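These notes are about the structure you will find just below.
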Amino acid sequence: MKHITIQDIKDLKGQAFATLTAYDYNSAQLIDQSNIPLILVGDSASMTMYGYDTTIPVSMDEMLLIVKAVTRGTQNALVVADMPFLSYQPSIEETIKNAGIFMKEGGAGAVKLEGGEHMFNNLKALVDCGIPVLGHVGLTPQSYHQMSGYKIQGKTIEGAQKIIADAQAIERAGAFGIVLECIPETLATEITKSLTIPTIGIGSGNTCDGQIQVFHDIMGLTKNNPPKHAKQYGKLYDAMLDIVNQYQKDVKK
Ligand code: KIV
């Protein structure tokens with residue numbers, strides 16, 4: 001397989017495609033081997049890798065370490081680095097500086113940031129600098145406190161209209177795609193139909209162009225249950241616990 005470009009991702013509009021998060025060298029290699037076209041080094045690493053409660057605490061330095069590991073493990077897929085909380089909100093200068101670190105030092109091919117209309121200038125500034133951007137609207141976990149918790153977004157008419165306006169602003173700014181997180185399927189369908197860039201859904205029904213899931217959730221790699229929208233294809237936590245117990249028994253014997 002060849003190296004996936006931004007145009008390749010745009011060309012996936014209207015085709016069902018799967019994408020995943022990754023946070024280390026080994027899982028990146030594995031995902032890449034299955035021809036998944038886009039790997040997101042999500043700031044969900046804050047929980048999956050660093051054990052924080054939300055995505056709010058994870059820092060640029062913590063994200064950069066894992067962006068480097070994932071790009072080293074990836075030969076084909078487009079690696080998108082998620083910009084952590086307050087690495088882009090304060091100013092356009094901060095946005096460009098930090099996205100540049102992920103591209104130049106981390107080897108990422110694109111970045112993702114949360115927010116719509118109010119992030120228009122930041123998104124456009126990145127695109128103007130030659131930094132490809134993936135947008136993210138609906139449930140934006142970095143606004144956990146502002147949203148009073150993780151809730152489905154866009155259930156009211158005003159809420160839905162705001163998300164549509166945000167999605168349109170992201171397309172106008174020049175993003176190559178957009179994540180729609182935890183919005184009603186009818187709204188995701190309308191946005192998917194109205195945009196020319198691919199939508200990538202998570203907890204937003206089956207009609208988006210692509211889907212994204214957290215690696216640990218579909219693998220069953222964590223002790224806790226995954227969110228409702230994540231289908232668990234295995235129970236690796238239990239399988240690995242079994243292996244550690246067997247090893248321990250063998251050594252004791
Ligand atoms: O950080 C993350 O993993 C994400 C995806 C769930 C879209 O933003």
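In listed order, ligands and their atoms are each counted from 1. Counting from 1, the numbers follow the sequence of the chain as shown. Note that the structure is a prediction, hence the values are computed from the model and not measured. These numbers come from the heavy atoms of this one structure, side chains and all, not from hydrogens, waters or symmetry mates.
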(message) We want to know whether Glu94 and Ser91 form a side-chain donor-acceptor pair, criterion being a heavy-atom distance below 3.5 angstrom.
(response) no
(message) If we ignore hydrogens and angles and just use 3.5 Å, is the side chain of Lys13 paired with the main-chain N or O of Ile197 as donor and acceptor?
(response) yes
(message) Would the distance check show the side chain of Thr19 and the main-chain N or O of Ile39 forming a donor-acceptor pair, the cut-off being under 3.5 Å?
(response) no
(message) Contact between Leu221 and Met240 at the side-chain level, heavy atoms closer than 4.5 Å - yes or no?
(response) yes
(request) Only pairs at least two apart or in different chains count here, so list each side chain to side chain donor-acceptor pair (under 3.5 Å) that has a residue in residues 234-253. (result) Gln232-Lys235
(request) May I ask you to decide if the ring planes of Tyr23 and His216 are parallel, tilted or perpendicular, using 30° and 60° as cut-offs? (result) perpendicular
List ligand 1's nitrogen or oxygen atoms that come under 3.5 Å of a protein nitrogen or oxygen, with the partner atom and distance.
{"residue": "ligand 1", "atom": "1 (O)", "partner": "Asp43", "partner atom": "N", "Å": "3.1"}
{"residue": "ligand 1", "atom": "1 (O)", "partner": "Asp43", "partner atom": "OD1", "Å": "2.9"}
{"residue": "ligand 1", "atom": "1 (O)", "partner": "Ser44", "partner atom": "N", "Å": "3.0"}
{"residue": "ligand 1", "atom": "1 (O)", "partner": "Ser44", "partner atom": "OG", "Å": "3.2"}
{"residue": "ligand 1", "atom": "1 (O)", "partner": "Asp82", "partner atom": "OD2", "Å": "3.2"}
{"residue": "ligand 1", "atom": "3 (O)", "partner": "Ser44", "partner atom": "OG", "Å": "2.5"}
{"residue": "ligand 1", "atom": "8 (O)", "partner": "Lys112", "partner atom": "NZ", "Å": "3.1"}

